[in-house]
Structure formats: C-alpha cells, structure tokens
Amino acid sequence: MSTAKVDPITRAAIDWMLRLESGQACPSERQVFKAWLAENPAHLAAWQRVAGVLKAPVADLHSVERRSPGQLQAARRALLASASPSGKKALQGGLLLVLLGLGAAGLVDRVTPLTGLTADYQTATGERKTIELADGSLLTLNARSAVDVEFSSGQRRVRLRAGELQVDVAADARRPFVVATAQGQVQALGTRFMVRQDTDESLASVQQHSVQLDTLGGLQRRIETGQAVSFTATQIDPQTPTSRSQTDWLAGRVELHDEPLSALIEALRPYQTGMLRISPEAARVRVFGVFPLDNTPQTLSALAQTLPIKVTRYGPWLTLIDVRG
C-alpha cells in the first residue's frame with residue numbers, strides 16, 4: 001500500500017469533475033474541458049482515473065452542497081490552492097474530507113456516527129460492543145451501529161437505526177422479542193439471530209431456532225436456522241450464505257468464498273476511520289480467504305500483495321483501491 005501526493009494534473013481533473021458535476025458548467029466551459037483533455041495524454045489518463053474512482057464521493061459532495069451551501073466552492077479553492085508545504089500537507093490529510101463532502105462534522109462522524117448520538121446504544125468506528133439487556137438478553141453491535149431499546153409489559157422491542165446486531169434472546173413467554181428496521185420487523189421464535197440495516201433494505205439471518213419476519217408492506221416469512229433473507233417493505237428475497245449473512249464479525253473477522261472484492265471492502269468500511277473507495281474494475285475481483293477487521297491497513301496491504309490491485313492512501317482520510325495498470 002502506497003501513500004500518494006495529489007499531483008497538479010490530478011488536482012485539475014478533480015476540479016473539472018466538480019465543475020461538470022455541479023450542473024452549472026456552461027457550453028464554453030465544456031469546450032475548454034474537451035480541449036484540456038486533448039491537450040495531453042496525461043490529462044485524459046488523470047480524468048479516467050478520477051472519474052472511475054471518485055465519482056461516488058463527488059455525488060456525496062453535491063448532496064452535502066444542497067444541505068450546506070459552500071462545500072463545493074471550498075473544495076475547489078482547496079484543490080486549486082498554491083502548492084505551499086502547508087497546503088500540500090493539508091491536501092494529503094484532512095482537507096480531502098472537503099472533496100468527499102465532509103467538513104468538521106464529517107470528521108467527527110467518521111469516528112463516532114452522528115446519526116447514533118441520541119440512540120440508547122451505539123458503537124463508534126472500529127468498535128464492537130455486547131450489552132446485557134434488562135431481561136437478560138445479550139445484544140451485540142457491530143461497528144458503527146445504533147439501536148433504541150423499548151421494553152414494556154407486553155413487548156421487548158429493539159429498533160435498529162443503523163448497522164448490524166446479533167441478539168441472544170432470553171426466554172420470556174409473556175413478552176415477544178422484536179427487532180425493528182426501516183423495512184419491517186423480525187420477531188424471535190427462538191434464541192439467536194442477526195439483523196442488518198442497509199441503505200435501502202434490511203437483512204436477517206438465523207443462527208439458532210427461527211424468527212418471524214413481517215415487512216411494512218404486509219409480507220410475512222418464517223426464517224429457520226441457517227437461512228437468511230434480505231427484505232424491503234414490499235419484497236423478501238432468500239439469500240445464499242455470503243459474508244453479509246454470516247456472523248464472523250463477532251470474532252473480528254470476515255470470511256469470503258469466491259465473492260467480489262466489493263463485499264470485503266463493504267465489511268471493512270465500518271472499521272476504517274477514513275474513506276474507502278474502490279473502482280468498478282477492482283470491485284469485481286474475486287476473493288477467497290479469512291480477513292481481520294480490526295486492522296484495515298494490514299488487511300489492505302495483504303490484498304495488494306496477493307490480488308491484481310493497487311491500494312493508494314491519500315493521507316489518513318482517503319484510500320483508493322483500483323486494479324493494477
């Protein structure tokens with residue numbers, strides 16, 4: 001794994017992406033951009049590299065720009081700043097957060113997720129935690145997870161705001177145990193199961209006995225030991241066993257059997273304070289093996305030695321993964 005400086009041509013390519021993606025570039029600017037591309041093969045190479053790997057962060061930036069006007073201009077000013085020693089140091093470090101749509105709040109969020117600050121229980125980046133609930137049930141949270149616990153005389157309810165949990169349910173015939181997500185709820189019919197909240201769907205897998213799934217749209221499914229399903233409010237999809245449905249994270253590792261590299265990077269993201277970005281080509285590389293979660297730089301270095309990929313660190317806050325050229 002290498003640590004790279006942001007060279008002037010790459011900075012220019014990033015600036016062009018910010019301008020073109022803003023939706024405010026006029027036809028004359030687009031003509032200037034085409035001329036810049038044709039001027040030097042290095043310009044085209046830098047543009048392809050930036051467009052392929054940084055497209056998602058730029059989309060993130062414009063999303064933040066709509067919520068907090070000024071981020072886009074701040075990024076452009078930072079990237080076009082004079083190459084003074086202090087400027088170079090900032091670009092290689094925390095200033096890249098601006099490019100990613102992250103300001104001071106983003107820095108804090110990468111350490112302790114802001115969405116979970118008001119939750120009953122939460123975990124920070126790289127942290128796992130096991131909580132014994134009032135009924136004796138054990139609730140284990142993966143990194144960057146947040147839950148609210150609502151126990152009453154008639155029900156035990158855990159609302160998963162973000163991340164992933166496993167629960168070992170204590171027996172209580174009078175009060176069913178339910179884990180609720182944004183897409184539905186999973187009710188324990190046994191003792192041990194896992195639930196994951198993703199952006200647009202949830203996932204449930206059962207390690208012991210069974211659970212009853214009810215989606216917000218009224219669909220129902222009983223899930224037995226060894227089974228896993230992903231679900232939205234209106235759809236339930238059985239899942240073949242993969243790293244997403246396994247509970248290896250409880251032991252601080254992830255195991256993949258012929259899965260895309262993107263699956264491993266997704267598992268590592270909650271354990272990496274900085275941003276991990278992977279190109280579409282690298283995302284498709286197939287992976288076998290067992291990898292530790294608690295030392296992301298070490299895991300990425302090992303990957304770069306055994307797979308046809310390169311891992312480049314831009315300071316502590318941005319790591320890019322691409323195929324070897």
Side-chain angles (χ1 to χ4, degrees), residues 56 123 128 137-147 157-169 176-271 276 278 280 282-293 299 303:
T123 49
R128 292 182 297 276
S137 297
L138 293 179
L139 184 67
T140 303
L141 303 182
N142 200 355
R144 296 182 65 83
S145 299
V147 299
R157 183 179 183 85
V158 173
R159 182 165 69 94
L160 179 59
R161 290 193 185 190
E164 191 168 23
L165 64 79
Q166 179 182 273
V167 61
D168 290 83
V169 181
F177 194 107
V178 170
V179 174
T181 74
Q183 287 77 30
Q185 68 174 36
V186 181
Q187 179 176 326
L189 302 176
T191 57
R192 186 179 305 139
F193 63 97
M194 184 188 76
V195 182
R196 174 183 176 128
Q197 177 70 73
D198 289 326
T199 303
D200 300 314
E201 66 177 10
S202 298
L203 182 140
S205 66
V206 179
Q207 287 73 57
Q208 194 169 15
H209 297 290
S210 60
V211 300
Q212 174 68 35
L213 167 63
D214 292 89
T215 74
L216 293 181
L219 300 180
Q220 295 183 324
R221 174 78 60 98
R222 183 171 173 135
I223 312 169
E224 305 291 345
T225 299
Q227 295 181 336
V229 302
S230 63
F231 61 95
T232 65
T234 58
Q235 188 170 335
I236 300 174
D237 295 313
Q239 300 290 300
T240 56
T242 66
S243 56
R244 288 182 72 238
S245 60
Q246 303 302 314
T247 59
D248 295 323
W249 57 268
L250 293 165
R253 63 176 183 264
V254 57
E255 184 171 353
L256 295 92
H257 298 278
D258 192 24
E259 293 186 50
L261 179 57
S262 58
L264 175 55
I265 299 306
E266 195 62 32
L268 291 174
R269 280 197 173 104
Y271 290 83
L276 288 177
I278 184 168
R284 292 191 290 268
V285 173
R286 308 303 290 185
V287 181
F288 297 80
V290 179
F291 303 92
L293 293 170
T299 298
L303 288 170

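Heads up: numbering here begins at 1 and tracks the sequence.
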- Heavy-atom check, side chain of L203 versus side chain of V195, under 4.5 Å: no
Fill in: Donor-acceptor contact present, side-chain S243 to main-chain L256, <3.5 Å
no
The residue among L213, V211, L189 that forms side-chain contact (heavy atoms from CB on, under 4.5 Å) with R222 is L189
Looking only at heavy atoms, the pair that brings F231 and G184 closest together is CE1-N, 3.8 Å
For A180, the side chain to side chain contact (heavy atoms under 4.5 Å, CB included) test, sequence neighbours excluded, returns R157, Q185
**Request:** Report yes if some heavy atom in the side chain of R196 is under 4.5 Å from a heavy atom in the side chain of S202; otherwise report no.
**Result:** no
Residues at least two apart in sequence or cross-chain that pass salt bridge (Lys or Arg N to Asp or Glu O under 4.0 Å) with R192, listed by chain then number, are D168
### V147 vs L141, side-chain contact (heavy atoms from CB on, under 4.5 Å): CA-CA, chis, key distance, verdict
CA-CA 9 Å; V147 299; L141 303 182; 3.7 Å; yes
Tightest non-hydrogen contact, residues R244 and D198, listed as NH2-OD2, 2.6 Å
* Kindly determine whether L165 and T140 satisfy side-chain contact (heavy atoms from CB on, under 4.5 Å), including the steps that lead there. => CA-CA 5 Å; L165 64 79; T140 303; over 6 Å; no
- Indicate whether any N or O donor in one side chain lies under 3.5 Å from an N or O acceptor in the other, for E164 and S145. no
| field | Close side-chain approach of Q166 and L250, heavy atoms under 4.5 Å | value | yes
One should read off an interatomic distance between Q220 CD and Q187 CD, to the nearest 0.5 angstrom, of 10.5 Å
Can a donor-acceptor pair be found between the side chains of S245 and S205 at a distance below 3.5 Å? no
Sorted by chain and number, sequence neighbours left out, side chain to side chain contact (heavy atoms under 4.5 Å, CB included) with L216 holds for A233
Heavy-atom side-chain proximity of Q239 to S230 below 4.5 angstrom:
yes
Scanning both residues in full, the closest heavy-atom pair of V287 with L264 reads CG1-CD2, 4.5 Å
| said: Do T232 and E201 pair up side chain to side chain, a donor and an acceptor below 3.5 Å, judged on atom types alone? | reply: no
Exercise. Count the heavy atoms of every other residue, nucleotide or ligand shown that sit under 6.0 Å from CG of D258, and state whether that count exceeds 12.
Key: yes
task: Could you check F193 against I223 for side-chain contact (heavy atoms from CB on, under 4.5 Å), going step by step and ending with a plain yes or no?
output: CA-CA 10 Å; F193 63 97; I223 312 169; over 6 Å; no
Note to self: Pairing donors with acceptors under 3.5 angstrom, does anything connect the side chains of Q227 and T225?
What the structure shows: no
(message) Any salt bridge linking E255 with R253? Criterion: basic side-chain nitrogen under 4.0 Å from a carboxylate oxygen.
(response) no
Report task. Measure the shortest side-chain to side-chain distance between T299 and Y271 over non-hydrogen atoms and say whether it is less than 4.5 angstrom. Result -> no
Between L219 and Q235, the two heavy atoms sitting closest are CD1-N, 3.6 Å
Minimal heavy-atom distance between L268 and P292, with the atoms involved, is CD2-O, 3.9 Å
- [ ] Carefully, step by step, assess R161 and Q197 under the rule side-chain contact (heavy atoms from CB on, under 4.5 Å).
- [x] CA-CA 7 Å; R161 290 193 185 190; Q197 177 70 73; over 6 Å; no
For A143 and R128, the nearest pair of non-hydrogen atoms, with its separation, is N-CG, 4.3 Å
Salt bridge check, R221 against D214: does any charged N sit closer than 4.0 Å to a carboxylate O? no
